[in-house]
2 protein chains.
Amino acid sequence: MLYPLGFWERSMPYTPEHKQKTRRKIVRSAARLFNRKGFAEVTIGEIMTAAGLTHGGFYRHFNTKEELYAETVRHFLKKEAPERWQKGPAGPARPDLPFARYVLDAYLSRDHLEDVEGSCPLIGLPSDVAHGGDAVKAAYREVAESMIHVFKSNLKGRAAREQALLLLTLCVGGMVLARAIDDEDLAADLLGTAHKHALTTTGWGDARGR
Amino acid sequence: MLYPLGFWERSMPYTPEHKQKTRRKIVRSAARLFNRKGFAEVTIGEIMTAAGLTHGGFYRHFNTKEELYAETVRHFLKKEAPERWQKGPAGPARPDLPFARYVLDAYLSRDHLEDVEGSCPLIGLPSDVAHGGDAVKAAYREVAESMIHVFKSNLKGRAAREQALLLLTLCVGGMVLARAIDDEDLAADLLGTAHKHALTTTGWGDARGR
DNA sequence: GTCTATACATTGATAGAC
DNA sequence: GTCTATCAATGTATAGAC
């Protein structure tokens, strides 16, 4: 039954901008939780609570859990992503080194290994993606292609694309293994080897400052 | 209430050997299903039905679903694993090439890409493992170390271990990405690049016959 | 050792109020 | 746009019979 002049119509307490802000809070909360626990182990209620909201409100922003998941993956490319992927070099400026070198350093770093919640989604849930639906896979591919692009634009010659694919493989392979293996030394060895090899192959310099 | 001479005591219809056989059926069924759908998306009932058994009987073999999962990962090292990993070269014998070369070929092959159910567990559920318990991670590490061992024992010199780590990273990274990306060409490129690079680095020969 | 039946908890999704 | 309340489905684990 309708009520001609209820609280809602009278006051209009929420603006479209507010909705966008809320939506972003949900996505950020979800990104952390999915990375930490995996897709299936996270509940809608959990995500909403962590975002300071309640369970029921979720469905005014997303139709399904998987739809949120896809947006979460894609969200990594936006500015809300952890600062590690935005800023340039941490130490003194090194204009002689290409930007992609910093991405590589950050990717295969101990920081990234330990920052599970802020992880690149390529690492966080690769198997959930492989079992997921079309939207999720499309988002995953977007992120992968974005990384390939960054690497490729800092490489020259005919082999640029091939080398970029190789770098992506080293990044993802090294970090996936390091995260799954409960042996600190072996994990560090895997990351170090991948990093060193990537630098050797591209000629982007030695491993100093890693 | 007890029944002094019931059907069970009278006939003893199941032998210990039979139990082992049943257990193995459960593990094999689980391995396929976990690889196909992911840990959380598979139910005990599903596993048991696929094994030709019923839900309730599960708990006479395993205490929890995760315990079964750990055994499933480790199971890959046993003889029940798909034949791809057991047999040597598919084509004509090539005694000039090391055995590890065949493992590498098989790992980064289109067959492995498409055979999701029979996949190496290092690929099938890396993120589920990263979020899993100690037993699961230990099993995962065992498989990883086993692969490192195979590669390493076919390499010479001081850099043998480092190269073995690199090969593992290329195998896992290439296949994880290829499985998660819904673009056949890009997936094939990733596998091909990783394979080619692995062969170049180790000097195990060209990519002929892949 | 395996089966049927069921208790019990969880959770994705909806309905309706404000 | 968000909240409370609730439904319906699913799934882990247990109990007891044979």
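All chains are named by letter (A, B, ...) in the order of the sequence lines, taking the proteins before the strands, and each is independently numbered beginning at 1. In this text, all values refer to a predicted model and were calculated from it rather than measured experimentally.
- Taking a 6.0 Å sphere around NZ of B/Lys137, one finds it holds more than 12 heavy atoms contributed by other residues, nucleotides or ligands.
- Looking at A/Val176 and A/Pro126, their side chains come closer than 4.5 Å, going by heavy atoms from C-beta outward.
- Between the C1' atom of D/dG11 and the CD atom of A/Glu41 lies a distance of 14 Å, rounded to the nearest Å.
- Between A/Glu46 atom CD and C/dT11 atom P the separation is 7 Å, expressed in whole Å.
- In this structure, OH of A/Tyr59 is placed 12 Å from P of C/dT11, rounded to the nearest angstrom.
- One atom, CE of A/Met48, and another, P of C/dG12, lie 12 Å apart when rounded to the nearest Å.
- Summary of the strand contacts: B/Val42 and A/Lys19 both lie near DNA chain D, and taking for each the nucleotide with the nearest heavy atom, the more 5' one is attributed to A/Lys19.
- Remark: P of C/dG1 and CD1 of B/Ile26 are 11 Å apart, rounded to the nearest angstrom.
- Relative to the side chain of B/Thr54, the nucleotides C/dT4, C/dG12, D/dT2 differ in distance, and C/dT4 lies closest.
- There is a side-chain donor-acceptor pair under 3.5 Å between A/Ser119 and A/Arg179.
- A salt bridge between B/Glu41 and B/Arg36 is absent, with no side-chain N of the basic residue lying under 4.0 Å from a carboxylate O of the acidic one.
- The nearest whole Å value for the distance from the CD1 atom in A/Ile47 to the P atom in D/dT2 is 16 Å.
- In the set D/dA13, C/dT2, C/dT14, the nucleotide with an atom closest to the side chain of B/His55 is D/dA13.
- Between A/Thr22 and D/dT2, a side-chain N or O to OP1/OP2 separation shorter than 4.0 Å is present.
- Of the listed nucleotides (C/dG16, C/dG12, D/dT14), C/dG16 has the atom at the smallest distance from the side chain of A/Arg60.
- Taking the side chain of B/Ile44 as heavy atoms from C-beta on, and the options C/dG1, D/dT12, C/dT14, the nearest nucleotide is D/dT12.
- The environment of B/Glu184 atom CD is sparse: at most 12 non-hydrogen atoms of other residues, nucleotides or ligands sit within 6.0 angstrom.
- Remark: A/Thr64, A/Lys65 in residues 61-71 of chain A come within less than 4.0 Å of DNA chain C through at least one heavy atom.
- Between B/Phe39 atom CZ and D/dG11 atom P there is a gap of 13 Å when expressed in whole angstrom units.
- With a 4.5 Å cut-off on side-chain heavy atoms, B/Leu186 and A/Ile148 count as touching.
- Taking atom CG of B/Leu33 as the reference point, atom C1' of D/dG11 lies 15 Å away to the nearest angstrom.
- Note on ring orientation: taking the six-membered ring where Trp is involved, the planes of A/Trp204 and A/Phe151 are tilted (angle from 30° to 60°).
- Side-chain nitrogen and oxygen atoms of A/Thr43 include none within less than 4.0 Å of the OP1 or OP2 phosphate oxygen of C/dT10.
- Of the candidates C/dG12, D/dC3, D/dA13, D/dC3 carries the atom nearest the A/Leu53 side chain, counting heavy atoms from C-beta on.
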